Amino acid sequence: MKKVKAFIFDLDGVIVDTAKYHYLAWKKIANELGIDFTHEHNELLKGVSRVRSLDIILELGNINASQEDKNKWLIQKNEDYLSYLVDMDESEILPGVMPVLKYLKTNNQKIALGSASKNARPILEKTGILDYFDAIVDGNDVSNAKPDPEVFVRAAQLLNASNEDSIVFEDSVAGVQAANIAHMNSIGIGEKNVLHEANYIFHDFTTIETSFLDQLINN
C-alpha cells in the first residue's frame with residue numbers, strides 16, 4: 001500500500017509557460033513609460049504579486065506615480081495578459097508535465113495548485129487539466145505573496161495533509177523559499193544556479209523519473 005502525499009504545483013513556468021505573456025504585457029506598459037524592460041528585468045517579477053511587479057518596474061524607471069495611475073496600469077496589464085490567454089490550449093502545457101500528473105493520479109496521490117496567479121482556474125480549464133487537481137489555491141484566495149508560505153499551507157490544508165507530507169514544484173526563488181519555510185519538500189524546476197535552495201532540482205519535468213516520484217511518495 002503506497003503512502004498518500006500532497007503534491008502542490010505552481011502554475012506559471014511549472015505547468016504552463018504563461019510567463020512569456022506576463023512579460024509581453026509588462027513590457028508594453030514599461031515601454032509606454034519610457035522604460036526599456038528586458039528579459040533580465042522580468043526575472044525580478046517571478047513569483048511576485050501584480051502590485052509588487054508594477055512597483056519594481058516603476059523603480060527601474062525612477063518613476064513616482066499616483067495610486068490612480070497605478071490602478072489604471074494594473075488593470076491594463078491584466079487585460080493585455082488575458083487577451084494572450086484567449087487562444088490557450090493543451091499545447092501550452094510544458095513538456096513532461098502530463099506524464100507526472102497522470103502517474104500521481106494513477107497512484108492515488110493528492111494534487112493541488114498553489115499559485116499567485118488570479119487566472120489559474122481559466123488557464124487549467126483552457127488547457128484541459130482542471131480535473132487533475134483536488135484543490136486550487138490561487139491569488140484570489142491568499143493575501144500574502146511568496147516567500148510567505150500561505151498559498152502552499154492552505155493547499156496542504158485543503159488536501160488534509162501535513163506540511164511534512166507535502167511536495168512543492170516551483171520555478172521561482174520566492175516559491176522555493178516559501179516551501180522551505182513551511183517545511184515542505186521543495187522541487188525546483190529550472191536552473192541549478194538560481195534554485196539552489198531547493199531540496200531537488202530538475203531542468204524540466206522530462207528529466208523526472210517515476211522512480212523519483214515513488215521515492216517522494218514512500219519517504
Side-chain angles (χ1 to χ4, degrees), residues 9-63 65 69-97 113-127 129 136 138-140 142 145-148 151 168-178 187-198 201-206:
F9 293 78
D10 179 39
L11 180 66
D12 294 346
V14 173
I15 292 176
V16 290
D17 185 18
T18 45
K20 60 191 174 189
Y21 300 135
H22 285 295
Y23 170 68
L24 290 171
W26 281 127
K27 186 174 177 63
K28 185 177 171 188
I29 286 176
N31 288 352
E32 287 173 7
L33 296 172
I35 301 166
D36 182 22
F37 188 67
T38 65
H39 282 287
E40 287 70 30
H41 292 144
N42 195 52
E43 287 295 311
L44 301 172
L45 310 187
K46 270 195 174 179
V48 175
S49 71
R50 195 185 309 165
V51 172
R52 178 65 192 131
S53 293
L54 177 60
D55 285 339
I56 290 170
I57 289 171
L58 294 175
E59 285 164 15
L60 288 171
N62 291 317
I63 293 171
D69 278 340
K70 285 183 180 181
N71 292 343
K72 179 185 71 178
W73 294 326
L74 288 170
I75 292 167
Q76 180 190 329
K77 185 268 169 180
N78 198 48
E79 287 175 350
D80 286 340
Y81 171 69
L82 291 175
S83 72
Y84 293 121
L85 300 186
V86 171
D87 299 323
M88 276 193 94
D89 58 24
E90 65 276 3
S91 69
E92 297 273 359
I93 299 170
L94 288 165
V97 170
L113 191 86
S115 169
S117 171
K118 292 193 173 182
N119 304 297
R121 285 174 177 80
I123 288 171
L124 294 178
E125 284 173 3
K126 283 178 175 294
T127 52
I129 57 173
I136 294 169
D138 65 14
N140 299 298
V142 295
K146 303 168 189 173
D148 188 289
V151 66
V168 172
F169 294 91
E170 257 290 352
D171 73 319
S172 73
V173 173
V176 167
Q177 289 172 340
I187 316 289
I189 303 296
E191 303 301 326
K192 283 188 176 178
N193 60 329
V194 177
L195 302 174
H196 55 86
E197 292 177 58
I201 304 165
F202 295 90
H203 186 261
D204 58 32
F205 279 90
T206 64

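Just so we're clear, the structure is a prediction, and the values are computed from it rather than from any experiment.
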Who passes side-chain contact (heavy atoms from CB on, under 4.5 Å) against [X], sequence neighbours left out?
X: Leu82; answer: Asn78, Leu85, Asn119
X: Glu40; answer: Thr38
X: Val48; answer: Arg52, Ser53, Ile56
X: Asp69; answer: Ala65, Ser66, Lys72, Trp73

As an exercise, state the distance from [atom1] of [X] to [atom2] of [Y], rounded to the nearest 0.5 Å.
X: Ile136; Y: Leu124; atom1: CD1; atom2: CG; value: 5.0 Å
X: Met88; Y: Ile123; atom1: CE; atom2: CD1; value: 5.5 Å
X: Glu59; Y: Leu44; atom1: CD; atom2: CG; value: 9.5 Å

Leu113 vs Ile15 side-chain heavy atoms within contact, under 4.5 Å: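 Yes - at least one pair of side-chain heavy atoms lies under 4.5 Å apart.
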Pairwise side-chain contact, Asp10 with Val168, heavy-atom cut-off 4.5 Å (strictly under):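 No, side chains not in contact.
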For [X], which residues count as a side chain to side chain donor-acceptor pair (under 3.5 Å) partner, sequence neighbours excluded?
X: Asp171; result: none
X: His22; result: Asp12, Lys77, Tyr81
X: Lys70; result: Asp55
X: Asp204; result: Thr206

With Glu90 via salt bridge (charged side-chain N to carboxylate O under 4.0 Å, His left out) - residues at least two apart: none
Pair Ile29-Ile57, side chain to side chain contact (heavy atoms under 4.5 Å, CB included): steps then yes or no: CA-CA 9 Å; Ile29 286 176; Ile57 289 171; 5.6 Å; no
Verdict with reasoning, Ile35 to His41, per side chain to side chain contact (heavy atoms under 4.5 Å, CB included): CA-CA 11 Å; Ile35 301 166; His41 292 144; 5.6 Å; no
Show me the donor-acceptor pairs within less than 3.5 Å that the side chains of residues 187-196 make with the rest of the protein, sequence neighbours left out.
none

If you compare all heavy atoms of [X] against all heavy atoms of [Y], which two are closest, and at what distance to 0.1 Å?
X: Lys20; Y: Glu92; value: NZ-OE1, 3.6 Å
X: Glu197; Y: Val176; value: C-CG1, 3.7 Å
X: Asn31; Y: Phe37; value: OD1-N, 4.2 Å

ring-ring contact (aromatic ring centres under 6.0 Å, His included) partners for Phe169, two or more places apart: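 Phe169: ring-ring contact (aromatic ring centres under 6.0 Å, His included) contacts with Phe9, Phe205.
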Residue pair Leu11, Val16: steps toward the side chain to side chain contact (heavy atoms under 4.5 Å, CB included) verdict: CA-CA 6 Å; Leu11 180 66; Val16 290; 3.8 Å; yes
CA sep, side-chain torsions, deciding dist, call: Lys146, Glu170, salt bridge (charged side-chain N to carboxylate O under 4.0 Å, His left out): CA-CA 11 Å; Lys146 303 168 189 173; Glu170 257 290 352; 2.5 Å; yes
Test side chain to side chain contact (heavy atoms under 4.5 Å, CB included) applied to Lys118 and Arg50, step by step: CA-CA 9 Å; Lys118 292 193 173 182; Arg50 195 185 309 165; 4.0 Å; yes
Sequence neighbours excluded, every pair satisfying salt bridge (Lys or Arg N to Asp or Glu O under 4.0 Å) that has a member inside residues 24-33: Lys28-Asp80
